[in-house]
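In this text, all values refer to a predicted model and were calculated from it rather than measured experimentally. Just so it is clear: chains get the letters A, B, ... in the order the sequence lines come, proteins before strands, and each one is counted from 1.
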Protein chains: 2
Amino acid sequence: MNSLEQQSWQSVHDEVLRRIHTREWKPGDLIPKEVELAEQLGCARATVNRALRELASEGFLDRRRKAGTRVAAHPVRRAKLDIPVIRLEIEGRGQKYAYGLLFSERRTPPPEICANLGVTAESDMLHITSLHLADGKPFMFEDRWVSIAATPTILDADLEKISANEWLVLHAPYTRGDIYFSAVNASAAEAKVLRTDPGTSLFLMERTTWENQTGITSARLLFAPGYRKHSAI
Amino acid sequence: MNSLEQQSWQSVHDEVLRRIHTREWKPGDLIPKEVELAEQLGCARATVNRALRELASEGFLDRRRKAGTRVAAHPVRRAKLDIPVIRLEIEGRGQKYAYGLLFSERRTPPPEICANLGVTAESDMLHITSLHLADGKPFMFEDRWVSIAATPTILDADLEKISANEWLVLHAPYTRGDIYFSAVNASAAEAKVLRTDPGTSLFLMERTTWENQTGITSARLLFAPGYRKHSAI
DNA sequence: AGAAATATTATGTACGTACATATTATCTTT
DNA sequence: AAAGATAATATGTACGTACATAATATTTCT
């Protein structure tokens, strides 16, 4: 890459990535400073800055003021997982989405939910279990607790028609959340709902969301056998 | 937020996010154009642009030229998963890392590996299985195929001492990869290696990486029972 | 020599201008 | 009215300058 017409932060991004991939710049190496790169590649420092910033956020570079920019010594791969509303995930596969409310009650939460959301055992909560289907077959079993204090309007929602999952996305603001992915053996009850055998290995997604310090909802999403979550890196 | 001294893309980012969270701007809504926002918030358009670009990449906004910027109708949560080298993941938990090579052979690949990597059945490949331990207990079982054509120097690596996982990160350039997460029941052999019972539900990560169009390696990473992958959103 | 103050430096960010590009909206032609 | 050409417009990006900030290097002081 000589000092000709080069432009665009994308091309700088690609060129730097090429040098990393070809080991011209090896893990741990200090790379030229922004001003030098800008000269080499014939563009403004702002352009180099944008490219390097992007590469750092992708985990390829480590940057520190004054210390300069280094190729990440232990490239941490940052996989981006898109977690859409279940309906869209199913429709995105070209399958027909259906949903059924299994059970709904208003009561105080069990200890593990209190711990997840940081609420007291006397909290007024809505407990819902439901089943999401793809082409008529069980796809995901949802077991959710919603704080009525934090989201009173959910009592007005018709959860026979719209899933709590989707209602919350549209009506409950939230600022942060946690997700855990794991694998569990199906219990007898879970196996029955998902029409599989007890003990079958199931993909589990546990999600908890807060608005500021207030716990909104905690959900256990259990996927039917064969489910795979994909990500490109 | 009045038209006073406001600066910094972070504060613009936070202010826009606040308006989304408080439903001042609801899903699907068209928000003011960059120039207007810049005026409102008293900063340059470039600053607003950076904030909105960030919010779009986080999945809160949809932006299109000429059409303007809208609050995402179906907020797709973008969970960022950090996938470090196994050794660092274990050490990051404060546990002692150990590694053992179980098996290594040089041979032609089975059909599923050919399909994954897009190589022919006559390819010269290295097949390695190994076990990663945390505090002496089985943590992850790795079953990996590496293309010798694409990465000939791996034959010189001492895979008794450094795991293929780590060696590849440090020595094999790659441009793109796929990851699949799923749950599987342990086979008899897998259960034995991971010191658990056959049928136990295990978290599986399948990774395939390419350099441009050349398949480099395909790995099946099977985690011991209880493993959970976390992400904040 | 060791600590504290000061200078230096690479990245981080803001601003204003200019132009590119993708879409949408409008006008013209058939 | 449908199709095609043209204008309008919001975002996308590049550039150069200016200053902020964090970390390091150097100098000064005790």
Review point. Whole-Å distance between D:dG12 P and A:H13 NE2?
Key: 17 Å

Check your understanding: Taking NZ, NE, NH1 and NH2 as the nitrogens, is one of them in B:E206 or A:R228 under 4.0 Å from a carboxylate oxygen of the other?
Key -> yes

Exercise for review: Hey, can you tell me if B:F139 and B:F223 have their rings parallel, tilted or perpendicular (30° and 60° cut-offs)?
Suggested key: perpendicular

Check your understanding: So which of residues 59-72 of chain B are in contact with DNA chain D, with a heavy-atom cut-off of under 4.0 Å?
Key -> B:R63, B:R64, B:R65, B:K66, B:G68, B:T69

Check your understanding: Does A:N49 make a side-chain N or O approach to OP1 or OP2 of C:dT13 shorter than 4.0 Å?
Key -> no

Check your understanding: CD of B:Q10 versus C1' of C:dT13: gap in Å, rounded?
Key -> 10 Å

Point to revise | Separation of D:dT9 P from B:E36 CD (nearest whole Å) | key: 13 Å

Exercise for review: Working to the nearest 0.5 Å, report the span between CG of B:D82 and OG of B:S231.
Suggested key: 8.5 Å

Check your understanding: Between A:R50 and D:dA14, does any side-chain N or O lie under 4.0 Å from OP1 or OP2?
Key -> no

Check your understanding: So, B:E142 and B:R220, do they make that salt bridge, N to O below 4.0 Å?
Key -> no

Check your understanding: Over how many whole Å does the gap from A:L37 atom CG to D:dC15 atom P extend?
Key -> 13 Å

Review point. Considering residues at least two apart in sequence or located in another chain, which fulfil the side-chain hydrogen bond (donor to acceptor under 3.5 Å, both in side chains) criterion with A:T69?
Key: A:R63

**Study point:** Of A:T209, A:I154, A:L117, the residue whose pairing with A:I216 passes side chain to side chain contact (heavy atoms under 4.5 Å, CB included)
**Key:** A:T209

Exercise for review: Give the nucleotide from the list D:dT13, D:dT11, D:dG16 with an atom nearest to the side chain of B:K33.
Suggested key: D:dT11

Exercise for review: Quick one: label A:R45 by what it contacts on the DNA or RNA (base, sugar-phosphate, nothing), any heavy atom closer than 4.0 Å.
Suggested key: base

Check your understanding: Where the side chain of A:E34 is defined as all heavy atoms beyond and including C-beta, which of D:dC15, C:dG16, C:dG12 is the nearest nucleotide?
Key -> C:dG12

Practice item. Report yes if a side-chain nitrogen or oxygen of B:T47 is closer than 4.0 Å to either non-bridging phosphate oxygen (OP1 or OP2) of C:dT13; otherwise report no. Key: no

Check your understanding: To the nearest Å, how far apart are B:I31 CD1 and D:dT11 P?
Key -> 8 Å

Check your understanding: What's the CG-P distance between B:L52 and D:dA10, to the nearest Å?
Key -> 14 Å

Exercise for review: Measure the distance from CD on A:E54 to C1' on C:dT13 and round it to the nearest whole Å.
Suggested key: 16 Å

Practice item. Tell me, please, which residues at least two apart from B:T208 pass side-chain hydrogen bond (donor to acceptor under 3.5 Å, both in side chains). Key: B:S218

